[in-house]
Novice: 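There's a structure below that I have some questions on.
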Amino acid sequence: MSAVVAEVVALPASELIDRLSSIGGPEATRAREAPSTGGDFPDLVGAVPGKVVLRLAPFPSGALHIGHGRMLFINQHYREKYDGKILLVFDDTIGSEEKRVETEFFGLIEKDLEAAGVRPDAVFYKSDRIANFYPWARRVIDKGGAYVCTCPAELLRENRARGAACAHRSQTRDETIEEWERMLANAYGPGEAVLRLRTDLADPDPAFRDRVLLRISDIDHPRVGTKYRVWPMLEFSWAVDDIELGITHVLRGKDLVIEDRMQRYIWDLLGITGPPFLHWGILRVREAKVAKSKAYREVKSGLFDGWADPRTWSLLSLDRRGISMDAIRSFILSFGMSLSDIEVPAETLYAENRKRIDGTTVRRAFVADPVRVEVDEFPDGLSSVVLSNHPDRPELGTRTVSTGPGFFLARKDLEGRAGTEVRLKDLVNVELPALLPPAGGTIRARFTSRENKRIPRLQWVGASGARPVDILGMEGEHTAGLGEATLAEAHPGDILQFERVGFVRVEKNWTPGASPLRVVFGHP
RNA sequence: GCUCCCGUAGUCUAGUCCGGUCAAGGAUUCGGGGCCUUCGACCCCGUAACGCGGGUUCGAAUCCCGCCGGGAGCACCA
């Protein structure tokens, strides 16, 4: 029975509703009326459970970031809903000078997917499939749907804006075939000739007028080198591969809407019925200001600490900060398939993560910029104290830490409190001296009482056994401080809450005399 | 400028297709209180929204028209 309950509790609300509805009865009604916390995901038209095939198509030029996360988790959501398959298709056509394919990112992206728990059912590389695009191009040409244009790119653009035809547009089909063969036979250099789709120059959408299907590039591809010179554009390659790979539903960002129309246009021309398209809007996390290209530069230059640097906001970096993929998934799915562009504060993601870790995360004391405080008249026999690991969760146990008379307090906590009585949290009350010391100095405070007074309560670390700690912050900055002695037992991967600082993830354990405890700041 | 898309509280979202059960639900933020985690955890309570103007209707967040605002595309990038 309990196993059944656990299973039901673990189900996403949408699936719960589906299942209850299939059972029928009053439960179904209640579930349907229950308020939804998540976003809305429409049914996929024509989807047959077990037969749905989706695809992820990243361009290997960087680590996946939270925006890509939306692609990942939406596809994953539908895969689960319909018991479908997900193909990972690296969109590694030749790109451009600015946007290059790099080998290292194939592995990195597969790692990202694994971390996200999205296991593709198969992996493909566009670059393996280039030759196959040529006969398809020929089919389009045979239908009279394309022509070879040798206009310079700028002229092509101008004509497109004006809706003007160039001389090449009136090519006969045979001429096009001949020119196309010449393109394939290396008669043209890069930029000298392209195969263009013949749409309608009067099309109201200037973006849709005679777009380019294939072009010539001599860029050295990391997987296939210079084996091919004629490369497909994204739209054409997908017009082919969405059919060849048997994709049943294309889910993509709304920046790609015009590509839908291109693909459909080509399919109509060839008498093919392709899959339907669904889109989502742009998702931005307010704090994630670093653009992908900048992150790329900073990682390359070494200014950032690799793709897991917190400043990249890559999925890898969030994992490093102890933000679970499950939290990221819920966060992302809460936006549904909305087409409006959204900017959401990172706090919303943090809240999602907190729900998962707060109840199970032990509390530890840490003070930044520590000031040594000697407490005069500190009670004899109070050499240690038993503290709860979690204020509301006794089941998380306790730990014993050694106390005074020597302590470290955070300088920030001391500021403005000279000469006042404060409480060392969970311990004793002391009176601070009238003057605070310069950096590195020691102050003497005086023990006053042990009663629980409602006065400012300060975080403290017992001087005996205090461990050095280094926190890597979200801006890549390091904060040095001291933590309680129990931190000697913290291991890489542990998630802790430094009280009044925030949740951190341990990256490197403390080693006597060699290394401080290194942690990465997660979130408040 | 042209094309397409989107407008529910500070932010995100449910509801809009099939008008009444929505004097609009949830999350987060914010405010107040609690707490030996004060600011920034956690718990409790609370504030807060249908972009504007017309129309249809007994009745509109939901349907129609106009306006305004925001975004994306207009690359031989993806």
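To find a chain, count down the sequence lines: A is the first, B the second, and so on, and within it residues start at 1.
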Novice: Mind checking A:G95 for me? I need base, sugar-phosphate or nothing, with any heavy atom below 4.0 Å counting as a touch.
Specialist: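 Contact class for A:G95: sugar-phosphate only.
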Novice: Is there, by distance only and without an angle test, a donor paired with an acceptor across the side chain of A:E259 and the base of B:A78 below 3.5 Å?
Specialist: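 For A:E259, whose side chain was compared with the base of B:A78, there is a donor-acceptor pair (under 3.5 Å).
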Novice: Which one is paired to B:A61, where only Watson-Crick or G-U wobble pairs with both distances under 3.5 angstrom count?
Specialist: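 Pairing partner: none.
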Novice: Report yes or no: does A:R399 contribute a side-chain atom to a donor-acceptor pair with the main-chain N or O of A:S388 at less than 3.5 Å?
Specialist: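 Side chain of A:R399 to backbone of A:S388, a donor-acceptor pair under 3.5 Å: yes, one is there.
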Novice: So what does A:R354 hit on the nucleic acid, given a heavy-atom distance under 4.0 Å: a base, only sugar-phosphate, or nothing?
Specialist: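 Here A:R354 touches the backbone only, sparing every base.
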Novice: If we take the C1' atom in both B:C18 and B:C63, what is their distance in whole Å?
Specialist: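 Pairwise C1' distance, B:C18 against B:C63, rounds to 11 Å.
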Novice: Counting side-chain heavy atoms from CB outward, which of B:U28, B:U13, B:A41 is closest to A:T348?
Specialist: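 Ranking B:U28, B:U13, B:A41 by closest atom to the A:T348 side chain puts B:U28 first.
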Novice: Quantified in whole Å, what is the P atom distance between nucleotide B:U21 and nucleotide B:G25?
Specialist: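 Looking at atom P only, B:U21 and B:G25 are 12 Å apart.
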Novice: Go through B:A72, B:A75, B:C12 for me and flag the one nearest to the A:K254 side chain.
Specialist: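 Per side-chain heavy atoms of A:K254, the pick is B:A72.
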Novice: Anything under 30° is parallel, anything over 60° is perpendicular, the rest tilted; go ahead and classify A:F105 against A:W307.
Specialist: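 A:F105 and A:W307: perpendicular rings.
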Novice: Which sits closer to the 5' end of RNA chain B, A:D392 or A:A161, going by the nucleotide each is nearest to?
Specialist: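 Its nearest nucleotide being more 5', the pick is A:D392.
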Novice: In whole angstrom, give me the gap between the P atoms of B:U38 and B:C42.
Specialist: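 After rounding to an integer number of Å, I get 13 Å for this pair.
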Novice: With respect to the side chain of A:A153, which nucleotide from B:U13, B:C76, B:A41 is positioned closest?
Specialist: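 So the side chain of A:A153 is nearest to B:C76.
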Novice: Scan A:V212 against the nucleic acid and name what it touches under 4.0 Å (heavy atoms): base, sugar-phosphate only, or nothing.
Specialist: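 Sugar-phosphate contact only - A:V212 comes under 4.0 Å of backbone atoms but never of a base.
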Novice: Write down the partner of B:A72 under the Watson-Crick or G-U wobble criteria, each distance required to be under 3.5 Å.
Specialist: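 Its partner is B:U3.
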Novice: Would you please indicate yes or no on a ring centroid separation below 6.0 angstrom for A:F208 and A:Y265?
Specialist: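 Yes.
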Novice: Taking the C1' atom of each, how far is B:C44 from B:C35, in whole Å?
Specialist: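 Their C1' atoms lie roughly 11 Å apart.
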Novice: Please determine, for B:C22, whether a Watson-Crick or G-U wobble partner exists with both distances under 3.5 Å, and give it or none.
Specialist: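 Result: none.
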Novice: Counting just side-chain N and O atoms, does A:S96 come under 4.0 Å of either OP1 or OP2 of B:A78?
Specialist: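 The answer is no; no side-chain N or O of A:S96 sits under 4.0 Å from OP1 or OP2.
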Novice: If we call it a pair only when both distances are under 3.5 Å in a Watson-Crick or G-U wobble match, what pairs with B:G31?
Specialist: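 B:G31 is paired with B:C45.
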Novice: Nearest 0.5 Å, what's the CG-CZ distance between A:N429 and A:R423?
Specialist: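 If we round to the nearest 0.5 Å, A:N429:CG and A:R423:CZ are 5.0 Å apart.
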Novice: For a salt bridge (Lys or Arg N to Asp or Glu O under 4.0 Å) with A:D210, tell me which candidate from A:R160, A:R157, A:R169 qualifies.
Specialist: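 Going through A:R160, A:R157, A:R169 one by one, the salt bridge (Lys or Arg N to Asp or Glu O under 4.0 Å) with A:D210 is satisfied by A:R169 alone.
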Novice: For a quick check of understanding: with a heavy-atom distance under 4.0 Å over all strands, which category does A:L256 fall into, base, sugar-phosphate or nothing?
Specialist: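 Result for A:L256 = base.
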Novice: Considering every strand and a 4.0 Å limit on heavy-atom distances, what is the contact class for A:D413: base, sugar-phosphate, or nothing?
Specialist: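 A:D413: base contact, heavy atoms under 4.0 Å.
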Novice: Given B:C36, B:A41, B:C76, identify the nucleotide with an atom nearest to the side chain of A:P391.
Specialist: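 Looking only at heavy atoms from C-beta outward on A:P391, the closest nucleotide is B:A41.
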Novice: Would you measure the distance from the C1' atom in B:G54 across to the matching atom in B:G73 and give it in whole Å?
Specialist: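 Their C1' atoms lie roughly 33 Å apart.
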Novice: Does NZ belonging to A:K300 count more than 12 external heavy atoms closer than 6.0 Å?
Specialist: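 Yes, enclosed.
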Novice: Between B:C6 and B:C43, how far apart are the two C1' atoms, rounded to whole Å?
Specialist: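 Approximately 38 Å lies between the C1' atom of B:C6 and that of B:C43.
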Novice: Could you tell me whether the phosphate oxygens of B:C74, OP1 or OP2, come under 4.0 Å of any side-chain nitrogen or oxygen in A:R162?
Specialist: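 No, no such contact exists.
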Novice: Counting side-chain heavy atoms from C-beta on, which of B:U38, B:C5, B:U13 comes nearest to A:L339?
Specialist: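 Given the options B:U38, B:C5, B:U13, the side chain of A:L339 is closest to B:C5.
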Novice: Return the nearest nucleotide to the side chain of A:R457; candidates are B:U38, B:U13, B:A78.
Specialist: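 The answer is B:U38.
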Novice: Of the listed nucleotides (B:C36, B:A41, B:A75), which one gets closest to any side-chain atom of A:K425?
Specialist: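 Nucleotide nearest to A:K425's side chain: B:C36.
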Novice: With P as the reference atom in both, quote the distance from B:C52 to B:G7 in angstrom, rounded to an integer.
Specialist: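 Each nucleotide's P atom is 14 Å from the other's.
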Novice: Using a heavy-atom cut-off of 4.0 Å across all strands, would you classify A:S61 as base, sugar-phosphate, or nothing?
Specialist: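 No contact at all - A:S61 keeps every heavy atom at 4.0 Å or more from the nucleic acid.
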Novice: With a 4.0 Å cut-off, would you call A:R505 and A:D494 a salt bridge?
Specialist: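 Result for this pair is no, no salt bridge flagged.
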Novice: May I ask you to check whether over 12 heavy atoms, not counting those of A:R286, lie within 6.0 Å of atom CZ?
Specialist: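 Count over threshold, so yes.
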Novice: When all nucleic acid strands are considered with a 4.0 Å heavy-atom cut-off, which category describes A:P190: base, sugar-phosphate, or nothing?
Specialist: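 Touches nothing.
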Novice: Out of B:A78, B:C12, B:A41, which has the shortest distance to the side chain of A:I342?
Specialist: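 Comparing B:A78, B:C12, B:A41 against the side chain of A:I342, the answer is B:C12.
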Novice: So if I take every side-chain heavy atom of A:P206 and compare against B:A72, B:U3, B:A41, which nucleotide ends up nearest?
Specialist: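 Taking heavy atoms from C-beta onward, the closest nucleotide is B:U3.
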Novice: With a 4.0 Å limit, can you tell me whether A:R209 has a side-chain N or O closer than that to the phosphate oxygens OP1/OP2 of B:G73?
Specialist: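 Looking at the OP1 and OP2 atoms of B:G73, neither is under 4.0 Å from any side-chain N or O of A:R209.
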Novice: Measuring only the C1' atom in each nucleotide, how far is B:A9 from B:A72? A whole number of Å is fine.
Specialist: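 These two C1' atoms come out 26 Å apart once rounded.
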Novice: What does A:S217 touch in the nucleic acid at a heavy-atom separation under 4.0 angstrom: a base, only the sugar-phosphate, or nothing?
Specialist: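 Answer is nothing: A:S217 stays at 4.0 Å or more from every strand.
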Novice: Base, sugar-phosphate or nothing for A:K355? Non-hydrogen atoms, less than 4.0 Å.
Specialist: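 Sugar-phosphate contact only.
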Novice: Under 4.0 angstrom, heavy atoms only, what part of the nucleic acid is A:G502 near: base, sugar-phosphate, or nothing?
Specialist: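 Here A:G502 touches the bases of the nucleic acid.
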Novice: With heavy atoms under 4.0 Å as the rule, sort A:Q497 into base, sugar-phosphate or nothing.
Specialist: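 Base contact - A:Q497 has a heavy atom under 4.0 Å of at least one base atom.
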Novice: Check the orientation of A:W231 and A:H221. Use parallel for under 30°, tilted for 30 to 60°, and perpendicular for over 60°.
Specialist: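 Taking A:H221 first and then A:W231, their aromatic rings lie parallel (interplane angle under 30°).
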Novice: For A:R286, report the nucleic acid contact type (base, sugar-phosphate, nothing); a contact means any heavy atom under 4.0 Å.
Specialist: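 If one applies the 4.0 Å heavy-atom cut-off, A:R286 turns out to touch the sugar-phosphate alone, with no base involved.
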Novice: Is the phosphate of B:C35, meaning OP1 or OP2, less than 4.0 Å from a side-chain N or O of A:R454?
Specialist: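 Affirmative; the distance criterion is met.
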Novice: Among B:A14, B:U3, B:A78, which nucleotide sits nearest the side chain of A:D91?
Specialist: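 Given the options B:A14, B:U3, B:A78, the side chain of A:D91 is closest to B:A78.
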Novice: Here's a test of your reading of the structure: between A:R211 and A:F521, which maps to the more 5' nucleotide of RNA chain B?
Specialist: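 It is A:F521, whose closest nucleotide lies nearer the 5' terminus.
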Novice: For B:U13, does either OP1 or OP2 sit under 4.0 Å from a side-chain N or O belonging to A:S338?
Specialist: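 Affirmative; the distance criterion is met.
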